[in-house]
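Because the structure is a prediction, the values reported are computed rather than measured. All residue numbers in this chain count up from 1 along the given sequence.
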Amino acid sequence: MQRNPVGKLLLFGATGDLAKRMLLPSLYGLHADGLLPKDLTITGSARGDMDDDGYRDVVKKALDEFLPADRKDESALGTFMERIQFQPADLSDPNSFQPLADKIGDISDGLAIYLSTAPSLFESAVEGLEKVGLTGSTVRIALEKPLGYDLASSIEINDTVARAFPEDRIFRIDHYLGKETVQNILALRFGNSFFEPVWNAQGIDNIQITVAETVGLEERAGYYDGAGALRDMVTNHILQLVALIAMEPPARYDKDSIRDEKAKVFRSLHVMTPEEVPQNTVTGQYGPGAVGGEIVKGYLDELGKPSTTETFVAIKTRIDNWRWQGVPFYLRTGKRMAVRRSEIAIQFKPVPHSMFAGRGGLLQPNKLIIRLQPEEYIQMLVMAKEPGLDREGIHLREVPLNLSLDAEFAGARRRIAYERLLLDLIEGDQTLFVRRDEVEAQWAWTDAIRAGWAANDMKPKSYASGSWGPSTSIALTERDGVTWQDD
Ligand code: BG6
């Protein structure tokens, strides 16, 4: 892959939470490992008066708080600060942009702009940037979620950005794609020959994807209450996992081959009718309870006002194509759940005939577990015979065949997902960024579910913090004879 690094990075939302927790520590991580272009400057921008030194203090504090101790290196911190400067800007004020352009200076060696701001500012940002010449052919732009709240608003955002930037210079971020374990799905599926022949409706009975979090609202009431679990987690991160699991083998590891195959999956997702929604979705909102031994408040108490926003959602969906005909995909995510866990469980079909049945041996269908976080492992559950003389019958047991990625790659540092994505942005590789057609198909599927909730007046059911969500989510799979993978 041809690398085409830019010489400048402009970060909007430079004093925000994401910048402090993720973007600045990631940029520092790349800098400390010598991965940033030698002369790359990083210009932070946000509202409020601050000079370069003031912003360097903000950066220092953020790194102090969010960098692991073993990554702090005084000399690297010093040279990192030399890259940093700041220019105040109010993106809704057209007068903000000329001083910004002046501060950035010559962009002939390339500029990457990172918009980590509310999407309501995208339009004025793009217009302002265009007027002062910051959208030319050497400029690429990265967009942070949320990229809209439904299909119509997402089209509007995409149209706005497309007025100034062609698709090959737009980098839509889904940070799950930057995660090592998520990219590992590609290695597992397409770097090995033995899964592919059974990776279809003939070999697989059902697929479960769980992204369970123990955190609650955090300090994000304004955003989260307007979004809810479906739009916050399923539309983007979980559907990206679905696509990587379900897509056809891409011919090459590049932006077109991989994104073409993902987009085909999104277009094949079954879009529910309003009548199908109550049977195939469950929503919940956390009440008070205990998580990890700690008593926590319910969502409404945290929020301080009534709300029908869902903090949990479970969905049964399907992919209408040949490979996946009749295979249910069960998806669920929630805040304040029993444990923090992201996992994909693939349940294979049972053997067509059990030769052990007459001798008392019970079989479980094979399962492949891909644990994405907090641990990183791949586990294949296979049947084995328990040692013994079998005079009372044959005892078979499910045993795990374990591949611990944590242990196998113990020496390799796990980078923050944003390190990978920022470096790819700086170097111009779009493979792990989301293309317009993907986003719009994701929203079309999501909108149909939301329309079904509205049409059926569905409200989230309360669940105790520290549980696995409302009990109705158990019924969603049990009805089909399937049990959620909870241990
Ligand atoms: C974000 C969501 O996109 O992903 C958050 O807005 C969520 O609500 C977060 O907590 C989860 O990311 P991760 O990397 O911790 O799994």
Side-chain angles (χ1 to χ4, degrees), residues 17-18 21-23 26 116 119 142-150 154 171-186 207-215 217-218 220 223-224 226-247 258-259 262-263 265-266 269 281 283 309-315 317 319 329-337 339-345 370-374 376 414-422 424 431-447 449-450 469:
D17 198 51
L18 184 76
R21 277 174 191 275
M22 295 290 170
L23 305 180
S26 298
S116 169
L143 306 173
E144 228 342 302
K145 74 180 258 265
L147 294 174
Y149 48 89
D150 60 7
S154 143
F171 291 66
R172 292 181 196 80
I173 291 180
D174 184 314
H175 80 279
Y176 266 54
L177 294 177
K179 288 180 191 270
E180 203 66 63
T181 40
V182 173
Q183 292 158 39
N184 228 325
I185 298 172
L186 295 176
I207 292 178
Q208 300 180 14
I209 301 182
T210 296
V211 179
E213 298 187 281
T214 50
V215 293
L217 196 45
E218 299 178 289
R220 307 160 75 217
Y223 155 74
Y224 192 86
L230 175 65
R231 293 188 279 205
D232 184 47
M233 293 295 283
V234 184
T235 303
N236 34 55
H237 309 323
I238 293 188
L239 285 190
Q240 285 292 335
L241 297 179
V242 168
L244 295 176
I245 289 293
M247 71 187 187
I258 291 186
R259 299 190 302 176
K262 282 196 293 161
V265 173
F266 295 132
L269 277 173
T281 67
T283 60
T309 296
E310 83 286 356
T311 62
F312 172 95
V313 61
I315 298 170
T317 188
I319 296 171
F329 282 67
Y330 302 102
L331 319 176
R332 72 178 164 166
T333 183
K335 301 269 185 208
R336 290 279 191 238
M337 306 271 291
V339 291
R340 172 171 180 253
R341 176 182 303 167
S342 301
E343 184 174 280
I344 301 169
I370 306 173
R371 174 71 58 90
L372 303 173
Q373 55 191 31
E376 297 178 13
R414 297 302 195 278
R415 293 179 185 276
I416 308 170
Y418 281 97
E419 281 185 61
R420 171 65 190 256
L421 297 178
L422 279 160
D424 284 355
T431 312
L432 298 178
F433 294 84
V434 185
R435 207 166 60 188
R436 176 174 186 158
D437 54 346
E438 294 181 69
V439 178
E440 292 181 1
Q442 291 171 335
W443 278 118
W445 177 85
T446 306
D447 281 2
I449 294 176
R450 294 190 56 81

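- Taking the charged nitrogens against the carboxylate oxygens, Arg172 and Glu438 have no contact shorter than 4.0 Å, which rules out a salt bridge.
- Counting non-hydrogen atoms of other residues, nucleotides and ligands closer than 6.0 Å to CD of Glu440 gives a total above 12.
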Inset, instruction - Give the intermediate values and the outcome of side-chain contact (heavy atoms from CB on, under 4.5 Å) for residues Leu177 and Leu244. - result: CA-CA 10 Å; Leu177 294 177; Leu244 295 176; 4.2 Å; yes
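- Side-chain contact check for His175 versus Met22: every heavy-atom pair is 4.5 Å or farther apart.
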(request) Dump the intermediate steps for side-chain contact (heavy atoms from CB on, under 4.5 Å) on Leu241 and Ile185, then the final yes or no. (result) CA-CA 9 Å; Leu241 297 179; Ile185 298 172; 4.2 Å; yes
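- At least one side-chain heavy atom of Leu331 sits under 4.5 Å from a side-chain heavy atom of Thr317.
- Note that CD1 of Ile238 is 4.5 Å distant from OG1 of Thr333, once rounded to the nearest 0.5 Å.
- Distance check, rounded to the nearest 0.5 Å: CZ of Phe312 to OG1 of Thr283 gives 9.0 Å.
- Of all non-hydrogen atoms in Gly228 and Thr309, the two that sit nearest each other are CA-CG2, 3.4 Å.
- No donor-acceptor pair closer than 3.5 Å links the side chain of Glu343 to the backbone N or O of Leu372.
- Arg371 places no side-chain N or O within 3.5 Å of a backbone atom of Glu376 that could act as its donor or acceptor partner.
- The side chain to side chain donor-acceptor pair (under 3.5 Å) check on Thr235 picks up Thr446, with sequence neighbours excluded.
- With sequence neighbours excluded, no residue forms a side chain to side chain donor-acceptor pair (under 3.5 Å) with Ser154.
- Considering every non-hydrogen atom in both Phe433 and Leu421, the closest pair reads CZ-O, 3.2 Å.
- Considering only heavy atoms from C-beta on, Leu147 stays 4.5 Å or farther from Val434 through its side chain.
- Nearest heavy atom pair, residue Ser26 against residue Tyr418, reads OG-CB, 3.4 Å.
- Residues Arg231 and Tyr149 share a closest heavy-atom pair of NH1-O, 3.0 Å.
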| request: With side-chain contact (heavy atoms from CB on, under 4.5 Å) as the test, would you mind laying out the steps for Met247 and Leu186 before giving the verdict? | output: CA-CA 10 Å; Met247 71 187 187; Leu186 295 176; 3.2 Å; yes
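- Under the rule for a salt bridge (Lys or Arg N to Asp or Glu O under 4.0 Å), the partners of Arg420 that lie at least two apart in sequence or sit in another chain are Asp424.
- The backbone N or O of Asp17 lies less than 3.5 Å from no partner atom in the side chain of Arg21, so there is not a single donor-acceptor pair.
- Legend: residues meeting side chain to side chain donor-acceptor pair (under 3.5 Å) with Asn184, ordered by chain and number and at least two apart, are absent.
- Using a 4.5 Å heavy-atom threshold, the side chains of Trp445 and Ile315 count as touching.
- Taking every heavy atom of both residues into account, Ala212 and Val339 meet most closely at CB-O, 3.4 Å.
- Under the 3.5 Å distance criterion, the side-chain polar atoms of Glu310 are matched with a main-chain donor or acceptor of Leu230.
- The OG1 atom of Thr311 sits 9.0 Å away from the CE atom of Met337 when rounded to the nearest 0.5 Å.
- With respect to Lys145 and Asp232, a salt bridge is recorded, a charged nitrogen being found less than 4.0 Å from a carboxylate O.
- No side-chain donor-acceptor contact under 3.5 Å links Gln373 to the backbone of Ser342.
- Asp174 pairs with exactly one of Gln240, His237, Gln442 by the side-chain hydrogen bond (donor to acceptor under 3.5 Å, both in side chains) rule, that one being His237.
- Taking NZ of Lys335 as the reference point, atom OG1 of Thr214 lies at 9.5 Å (rounded to 0.5 Å).
- With sequence neighbours left out, Arg450 forms a salt bridge (Lys or Arg N to Asp or Glu O under 4.0 Å) with no residue at all.
- Between Glu218 and Tyr224, every side-chain heavy-atom pair lies at or beyond the 4.5 Å cut-off.
- When atom types are taken as modelled, the side chain of Glu419 and the backbone of Ile416 share a donor-acceptor pair closer than 3.5 angstrom.
- The shortest heavy-atom contact between Pro146 and Pro119 is O-CG, 3.2 Å.
- If you take OG1 on Thr181 and OH on Tyr176, they are separated by 9.0 Å, rounding to the nearest 0.5 Å.
- A 4.5 Å side-chain heavy-atom check between Phe329 and Ile319 finds at least one atom pair inside the cut-off.
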Decide yes or no on side-chain contact (heavy atoms from CB on, under 4.5 Å) for Val313 and Ile449, but give the supporting numbers first. CA-CA 11 Å; Val313 61; Ile449 294 176; 6.0 Å; no
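- Not counting sequence neighbours, Glu144 has no partner by the salt bridge (Lys or Arg N to Asp or Glu O under 4.0 Å) test.
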